[in-house]
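Worksheet for the structure shown next.
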Amino acid sequence: MTDLEGLRAVVTGGASGIGLATARTLAERGAAVAVLDLDPAGVPEPLLALTADVGDDASVRAAVDAAAERLGGIDILVNNAGIGAAGTVEDNDDEQWHRVLDVNVVGMVRTTRAALPHLRRSTHAAVVNTCSIAATAGLPQRALYSASKGAVLSLTLAMAADHVREGIRVNCVNPGTADTPWVSRLLDAAEDPRAERAALEGRQPLGRLVTAEEVAAAIAYLAGPAAASVTGTALAVDGGMQGLRLRPAAHS
Ligand SMILES: NC(=O)c1ccc[n+]([C@@H]2O[C@H](COP(=O)([O-])OP(=O)(O)OC[C@H]3O[C@@H](n4cnc5c(N)ncnc54)[C@H](O)[C@@H]3O)[C@@H](O)[C@H]2O)c1
């Protein structure tokens, strides 16, 4: 597919997992792509690798402007960088709350704010935020992370309303548990990684983890011209986790 030919894209957190798969997919479909990441060292050609911390406004502005200059503008912004947190409301201190909300929510604000002047000059402007099943389903031990992704969902809708008349579409994807280095780290840290993986797989009606490429395909759809009438939407890529209520296998 070459539906993104001529478009210029910026992907935050694009050096790993969902972000890297997205950057690759956008490039395969014809876009010129810049990756903004804390550590973009391993980002392959033809992706443009730029160091940026979405937690730091000056760093974001410099990287977004550098991307716009090198690519000749910005049509697509994928706000994907994010960090995790485990625990109930009793388990994370104030500093962790501020840190995760700062990266996961304010990080998207910083990148979008910096990209808006460039997006306004585009005739195909789209923003896609990486949200999560944690925004729409109550998951155990994810109070802080879920609060951050709930904010991302609401922010997506508000941004979509604010910028629709400027011709800028804003949507998000809600992945279920995806097979990325992030989840590998979680499994490695579990007491019984195999049992933990089976529990995560079993939680999704399709019976397996989502792949980064499947999430990337959804992001590329929302970013591209095929989604020209789609704004203010959350697209679940979660193996049925949000929408389906199955009976136990023995009783189905
Ligand atoms: N993996 C999952 O199961 C899952 C499910 C739902 C949503 N998500 C969301 O998908 C996104 C990507 O997750 P992933 O699983 O691909 O993770 P990952 O850890 O594999 O990749 C995240 C990338 O973001 C970068 N990053 C982290 N903090 C940053 C910062 N301050 N500035 C710039 N870059 C930063 C990291 O360096 C890394 O390259 C996150 O927003 C996450 O919340 C993941």
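Remember, it's 1-based here, ligands and their atoms both numbered in the order they're listed.
At a cut-off of 3.5 Å, with distance as the only test, a side-chain donor of N129 or T156 sits close to an acceptor on the other residue.
Closest heavy-atom approach to atom 4 (C) of ligand 1 within the set P40, G17, G176, G13: this belongs to G176. Relative to atom 37 (O) of ligand 1, the option among N129, D238, D37, V11 with the closest non-hydrogen atom is D37.
Contacts between T12 and ligand 1, counted as non-hydrogen atom pairs separated by less than 4.0 Å, are absent for every part of the residue. With a 4.0 Å heavy-atom cut-off, ligand 1 is reached by the side chain of T180 but not by its N, CA, C or O. Only backbone heavy atoms of C131 (N, CA, C or O) come within less than 4.0 Å of ligand 1; its side chain stays farther off. Using a 4.0 Å cut-off between heavy atoms, A52 contacts ligand 1 through its backbone alone, with no side-chain atom that close. The part of V183 lying near ligand 1 is the side chain, judged by heavy-atom distances below 4.0 Å.
An N or O contact shorter than 3.5 Å is missing between I83 and ligand 1 by distance. The distance criterion of under 3.5 Å between nitrogen or oxygen atoms is not met by R99 with respect to ligand 1. Below 3.5 Å of separation, one finds an N or O of S16 facing an N or O of ligand 1. Some N or O of N80 is nearer than 3.5 Å to an N or O of ligand 1, by distance alone. Considering backbone and side-chain N/O of I133, none are found under 3.5 Å from N/O of ligand 1. The shortest N/O to N/O separation between Y145 and ligand 1 falls below 3.5 Å.
Nearest to atom 13 (O) of ligand 1 among the protein's heavy atoms is W182 CE3, 3.5 Å.
Here the side chains of V164 and I168 are not in contact, with every heavy-atom distance at 4.5 Å or above.
Here the side chain of N174 pairs no donor or acceptor atom with the backbone of A234 at under 3.5 angstrom.
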